Amino acid sequence: MKVIANIISYTFHPLFAVAMMLGILLVINPYLFGIDQHAEGLLIISVFTMSIMFPLISVVMMKMLGLISSLEMSGDKERVGPLIATGVFYLWLFVNIKNNNLVPQAFSFFVLGTTIALFMAFFISNFTRISLHTIGVGGMLMGLVLVRYNFAYDTFIVKFWSLGSYSIHIDLLIILSIIVCGLVGTARLYLKAHDSQQVYGGYLVGIASQLISFMVFF
């Protein structure tokens with residue numbers, strides 16, 4: 001059971017949230033960028049480097065310099081430095097895409113919401129070890145809900161190679177996201193990484209940050 005909980009925790013690590021959301025949007029609408037595959041490729045590279053690679057390099061460097069005791073960042077105060085560094089990279093990503101007409105607003109507001117969530121987590125981490133994992137999945141759930149009811153995304157076609165093509169409603173993704181939220185929260189509790197208040201607080205921050213972003217962005 002511990003192995004499964006760890007797999008869930010690593011699979012839905014908060015650093016992957018932005019990349020996962022971009023992947024979901026590209027599945028929902030393969031022509032999200034029209035026929036400009038160059039712009040699509042540049043955004044994918046930017047998201048990978050600024051939301052995953054650079055934050056990981058920063059954390060590793062902090063470990064090598066002795067600023068944090070482990071990559072797990074088990075102490076409350078140890079998370080402050082990595083959260084600031086990651087927040088700066090996410091803010092940098094948002095600044096680079098917010099005025100780019102080729103980047104869909106459905107993705108831009110999600111990046112802003114994730115950035116807001118990071119800085120909220122930074123502030124809260126001075127008092128308690130809030131769950132970054134549930135912040136991530138909570139934000140993705142609310143991001144999908146906002147996309148569902150405010151953009152022209154309803155059903156989409158998925159090709160399963162020789163099995164054929166199937167039309168899937170975005171509501172199914174929302175249901176799956178709710179299940180993922182439950183699995184991630186349960187995994188963090190089982191691993192004793194957080195208590196229930198920290199897990200539920202993470203959901204709240206993730207959801208609230210996307211709502212704030214949506215209201216500010218539009």
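Below, each value reflects all heavy atoms present in this structure, side chains not excepted, and no hydrogens, waters or symmetry copies. Given the structure is predicted, the values throughout are model-derived calculations rather than measurements.
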- Task: Report yes if the side chains of I212 and V216 come closer than 4.5 Å at any heavy-atom pair, otherwise no.
- Result: yes
- Item | Verdict with reasoning, V137 to Y203, per side chain to side chain contact (heavy atoms under 4.5 Å, CB included) | CA-CA 7 Å; V137 292; Y203 291 133; 4.0 Å; yes
- Which residues pass the ring pair (Phe, Tyr, Trp, His ring centres under 6.0 Å) test with F123, sequence neighbours left out? F127
- In the single-linkage hydrophobic clustering (I, L, V, M, F, W, Y; side-chain heavy atoms under 4.5 Å), do V27 and V103 co-cluster? yes
- Query: In Å and rounded to the nearest 0.5 Å, what is the CE to CD1 distance from M1 to I4?
  - Reply: 6.0 Å
- Message: Hydrophobic clusters here meaning ILVMFWY residues chained together by side-chain heavy-atom distances under 4.5 Å, can you tell me if I24 and L176 are in one?
- Response: yes
- Query: Is there side-chain contact between L15 and T86, with heavy atoms separated by less than 4.5 Å?
  - Reply: yes
- Same cluster or not: are V95 and L42 linked, directly or through other Ile, Leu, Val, Met, Phe, Trp or Tyr residues, by side-chain heavy atoms under 4.5 angstrom apart? no
- Item | From CG (N126) to CZ (R79), nearest 0.5 Å | 11.0 Å
- Message: What I'd like to find out is whether the side chain of M120 reaches to under 4.5 Å of the side chain of S209, using heavy atoms alone.
- Response: yes
- Message: To check you understand the geometry: which heavy-atom pair defines the closest contact between G136 and A17, and what is its length?
- Response: O-CB, 4.4 Å
- Message: Any side-chain to backbone donor/acceptor pair from S125 onto F122? Under 3.5 Å, distance only.
- Response: no
- If you round to the nearest 0.5 Å, how far is NE2 of H13 from NE2 of H133? 5.0 Å
- Hey, what do you get for CG (L91) to CG (L118), rounding to the nearest 0.5 Å? 10.0 Å
- Item | Criterion side chain to side chain contact (heavy atoms under 4.5 Å, CB included) on N100 and L43, from CA distance to verdict | CA-CA 10 Å; N100 189 337; L43 180 61; over 6 Å; no
- Task: For the pair M21 and V147, evaluate side chain to side chain contact (heavy atoms under 4.5 Å, CB included) and give the outcome as yes or no after the intermediate values.
- Result: CA-CA 11 Å; M21 190 64 176; V147 166; 4.0 Å; yes
- Are V180 and I8 side-chain neighbours, meaning at least one heavy-atom pair lies under 4.5 Å? no
- Task: Find the distance between CG (D195) and OH (Y200) and round it off to the nearest 0.5 Å.
- Result: 10.5 Å
- Any chance you could measure L141, atom CG, to I178, atom CD1, to the nearest 0.5 Å? 5.5 Å
- Neighbour count >12 (heavy atoms, 6.0 Å) for atom CE, M61: no
- Query: Who passes side chain to side chain donor-acceptor pair (under 3.5 Å) against T134, sequence neighbours left out?
  - Reply: S131
- Would a hydrophobic clustering, with Ile, Leu, Val, Met, Phe, Trp and Tyr connected at side-chain separations under 4.5 Å, put I45 with I97? no
- Note on the structure: Under a side-chain separation threshold of 4.5 Å, the hydrophobic residues clustered together with I7 are V3
- Message: Taking side-chain contact (heavy atoms from CB on, under 4.5 Å) as the criterion, tell me which of V199, V205, L204 meets it with I130.
- Response: V205
- Message: Has Q210 got a side-chain atom pairing as donor or acceptor with I207's backbone, closer than 3.5 angstrom?
- Response: no
- Query: What pair of heavy atoms forms the shortest contact from L146 to F151, and how long is it?
  - Reply: O-CD1, 3.9 Å
- Same hydrophobic cluster for L56 and F48, using side-chain heavy-atom links shorter than 4.5 Å among ILVMFWY? yes
Tabulate below the donor-acceptor pairs under 3.5 Å that side-chain atoms of residues 104-115 make, not counting sequence neighbours, or state none.
| from | atom 1 | to | atom 2 | distance (Å) |
| --- | --- | --- | --- | --- |
| S108 | OG | P104 | O | 3.4 |
| T114 | OG1 | F110 | O | 2.8 |
| T115 | OG1 | V111 | O | 2.8 |

- Query: Taking everything shown except F119 itself, do over 12 heavy atoms lie less than 6.0 Å from its CZ?
  - Reply: yes
- Please tell me if the side chains of I52 and V47 come closer than 4.5 Å, counting only heavy atoms from C-beta onward. no
- Query: So, F214 versus F218, ring centres under 6.0 angstrom or not?
  - Reply: yes
- Item | salt bridge (charged side-chain N to carboxylate O under 4.0 Å, His left out) partners of residues 133-151, not counting sequence neighbours, each pair once | R148-D171
- Message: Strictly distance-based, threshold 3.5 Å: is any side-chain N or O of Y149 a donor or acceptor partner for the main-chain N or O of L144?
- Response: no
- Heavy atoms only: give me the nearest F16-Y10 pair and the separation to one decimal. CE1-O, 3.2 Å
- Side chains of M20 and F12: does their closest heavy-atom pair fall under 4.5 Å? yes
- Task: Applying side chain to side chain donor-acceptor pair (under 3.5 Å), name anything that partners S9, two or more places apart in sequence or on another chain.
- Result: R188
